[in-house]
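Structure first, commentary second.
Per chain, numbering begins at 1; letters A, B, ... match sequence-line order. Only heavy atoms go into these numbers, but all of them, side chains included; no hydrogens, no water, no symmetry mates. Remember, predicted model here, so these are calculated numbers, not experimental data.
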Protein chains: 2
Amino acid sequence: MDAVYDPRREGGGRPPLEPQVTPTLSGKERRDTYHHGNLREELIAAGMRLAQVGGPEAVVLREVNRAAGVSHSAAYRHFPDRDSLLWAVCERAMSELARRMEKRMAELPPRRDRKRHAWEALEATGQAYIEFALAEPGWFRTAFGVPLELRPIAPGEGSGDSGLDPFQLLAGCLDELVATGALPSERRRGAEIGPWAAVHGLATLLVDGPLRGTGPKELALQVRTVLGMVMHGL
Amino acid sequence: MDAVYDPRREGGGRPPLEPQVTPTLSGKERRDTYHHGNLREELIAAGMRLAQVGGPEAVVLREVNRAAGVSHSAAYRHFPDRDSLLWAVCERAMSELARRMEKRMAELPPRRDRKRHAWEALEATGQAYIEFALAEPGWFRTAFGVPLELRPIAPGEGSGDSGLDPFQLLAGCLDELVATGALPSERRRGAEIGPWAAVHGLATLLVDGPLRGTGPKELALQVRTVLGMVMHGL
DNA sequence: TCCGGTCTGTGGACGCTGTCTACGACCCGA
DNA sequence: TCGGGTCGTAGACAGCGTCCACAGACCGGA
């Protein structure tokens, strides 16, 4: 009643293609025990490797099994279907984004001026977000571009080492801006959406939108322009 | 060398599923001539119908052929492969977006105050953009979420009735702002990116990002917040 | 120590996909 | 009238996600 024709397609046969990456033994070396021991984890790791290169659509169940060195349907002992595995990979990619944002903030120079530091932190999160999208387009597309439909968004998932997800990291920056008096507290509620939309939009347009292929010079200008608009218009 | 494993997958078999939409005779009624007469156009139209419901991944070549009432590979006489058909659909979806933006601008009340009108026009384009994404998520995802990789971006494609694409419509608004003195001309260069990123980002997050399912009240606030940030931070 | 149950991995099916190819119907100009 | 080019047909093929019957491996109780 919902999906009339199956909204899943693509794939199917293709002409020869070069031989698959390491058609035999992969993941680790060929295991000698019948039971793998840590297959679930290995499947997600293999999915991450595939997603890094080709985005979510590269997470082909049979290819993931192949990369883990197991039979083509072994993953069904750990995930009910392909989407479930993809969600796990997607969450992992989101965590990686959070981790890069945290790293970038941690690298900020210390400042006596707390207000200035708060602004720099906000800018750093935005820069890290866009850098992640450009450096790891496959993961970025996986983190956000998953069919999801009914993806369960469990709390605490997609978080970095601090336990905060990208959205919460942004919220923390805004809270700090309020705490330092840089942002009037009456403008705080719902203020995440502006910076998030702007940065996410730029990243999306750059990664697989009409702006892909932008040269480094033009790109730097675009990032500066967007972040300037955000900080000016907050 | 580029795509190691074919970055095209998904699909494959699925359990029964309900019978396809009108397995026999579809598109128009079953034709009686051997030659279709206008197959290329009909294929694109069928692709648009499928994309409207299920996004780009719903544009299944065999299903498109089926909907047009021809054999499963008839489309190969008009498109070299599935992607080419998808690009045509994608361009059509982009045109539809441009058309809705134009419509929204045309509906603006006339103003003696040209500057005010220019601001309202900018706001209207942004609102139309987001409304389109929410009203036609399938088309929106098709317009922007296509593999593209090497999609040829021909000039003049994806345009509305005025012959301008969404980006050019936005540029026009900014030009008018400069002409009326609302925006200093030295800030004009590259100014499209800010509004575009913010609006596109919000639309993306709402359509298939973490913000999907936002209620109408919260949504209205988000749209207002983002557009406010754009106009304030320009 | 053996024995049965439960995980977990195997391998073969199925129907779906995109694509290729040989073929056949039609249209049109010579 | 005929012959070539255009356009649709039909059957193949490999790869996909998924299901199923089966088998190896582990574990607790007798």
Side-chain angles (χ1 to χ4, degrees), chain A residues 3-21 23 27 30-43 47 50 54 56-86 147, chain B residues 3-21 23 27 30-43 47 50 54 56-86 147:
Chain A
V4 178
Y5 35 82
D6 194 6
R8 224 74 152 294
R9 90 276 351 59
E10 311 236 359
R14 281 299 163 88
L17 285 187
E18 46 216 282
Q20 298 290 1
V21 242
R30 183 177 277 313
R31 74 185 192 285
D32 45 355
T33 59
Y34 183 86
H35 282 97
H36 185 285
N38 195 22
L39 184 52
R40 186 192 158 85
E41 202 51 35
E42 176 116 354
L43 289 169
L50 293 170
E57 60 272 13
V59 183
V60 176
L61 209 40
R62 292 174 103 109
E63 181 72 16
V64 172
N65 283 309
R66 221 172 282 142
V70 292
S71 75
H72 69 264
S73 58
Y76 281 92
R77 294 293 160 209
H78 300 273
F79 300 92
D81 55 18
R82 173 181 178 269
D83 279 354
S84 300
L85 169 61
L86 190 50
Chain B
V4 178
Y5 36 82
D6 196 4
R8 223 73 151 296
R9 92 278 356 21
E10 312 237 357
R14 280 301 162 86
L17 284 187
E18 46 216 281
Q20 299 290 2
V21 241
R30 182 176 280 313
R31 73 185 195 283
D32 47 354
T33 59
Y34 182 88
H35 282 99
H36 185 285
N38 195 22
L39 185 52
R40 185 190 158 87
E41 202 50 37
E42 177 116 352
L43 290 169
L50 293 169
E57 60 272 14
V59 183
V60 176
L61 209 40
R62 292 174 102 109
E63 182 70 18
V64 172
N65 282 308
R66 222 170 282 143
V70 292
S71 75
H72 69 265
S73 57
Y76 282 92
R77 294 290 160 211
H78 299 273
F79 301 93
D81 54 20
R82 173 181 178 269
D83 279 354
S84 300
L85 169 60
L86 190 50

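Dashed line: the shortest gap from a side-chain N or O of Arg66(B) to OP1 or OP2 of dT17(C) is under 4.0 Å. Put simply, His78(B) has a side-chain N or O that comes within less than 4.0 Å of OP1 or OP2 on dG8(D).
Between Arg77(A) and Ala74(B), the residue anchored nearer the 5' end of DNA chain D, judged by the nucleotide with its closest heavy atom, is Ala74(B).
You'll find the side chain of Leu39(A) reaches within 4.5 Å of the side chain of Leu43(A), heavy atoms only. At least one side-chain heavy atom of Leu50(B) sits under 4.5 Å from a side-chain heavy atom of Glu63(B). The side-chain heavy atoms of Glu41(B) and Asn38(B), taken from C-beta on, include a pair separated by under 4.5 Å. Side-chain contact check for Leu86(B) versus Phe79(B): every heavy-atom pair is 4.5 Å or farther apart.
Note: CD (Glu63(B)) to P (dC16(C)) measures 11 Å, nearest angstrom. Note: CG (Asn65(B)) to P (dG11(D)) measures 16 Å, nearest angstrom. The CG atom of Asn38(A) sits 17 Å away from the C1' atom of dC26(D) (whole-angstrom rounding). Taking atom CG on Asp81(B) and atom C1' on dT21(C), their separation rounds to 17 Å, with Å as the unit. Rounded to whole Å, the distance from CZ on Phe79(B) to P on dT6(D) is 17 Å. At whole-Å resolution of the value, CZ in Arg40(A) and C1' in dC7(C) are 15 Å apart. Residue Glu42(B) contributes atom CD, which lies 16 Å from atom P of dC7(D) at whole-angstrom precision. What separates OH of Tyr76(A) from P of dA21(D) is a distance of 16 Å, to the nearest Å.
With hydrogens and angles disregarded, no donor-acceptor distance shorter than 3.5 Å links the side chain of Asn65(A) to the backbone of Val70(A).
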Heteroatom pairs (N/O) under 3.5 angstrom, protein to nucleotides 11-13 of chain C:
| from | atom 1 | to | atom 2 | distance (Å) |
| --- | --- | --- | --- | --- |
| dG11(C) | O6 | Ser73(A) | OG | 2.6 |
| dG12(C) | O6 | His72(A) | NE2 | 2.7 |

Every protein N/O within reach of nucleotides 24-29 of chain C N/O, cut-off under 3.5 Å:
| from | atom 1 | to | atom 2 | distance (Å) |
| --- | --- | --- | --- | --- |
| dG24(C) | N2 | Tyr34(B) | OH | 3.0 |

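Expressed to the nearest 0.5 Å, how far CZ of Arg62(B) lies from OG of Ser73(B) amounts to 8.0 Å. The line from CG of Leu61(A) to CZ of Arg82(A) is 7.5 Å long, rounded to the nearest 0.5 Å.
For Arg82(A), counting side-chain heavy atoms from C-beta on, the closest listed nucleotide (dT18(D), dT19(C), dG8(D)) is dT18(D).
Heavy atoms only, all atoms of each residue included: Ala68(B) and Glu42(B) are closest at CB-CG, 3.8 Å. Considering every non-hydrogen atom in both Ser84(A) and Pro80(A), the closest pair reads OG-CG, 3.2 Å.
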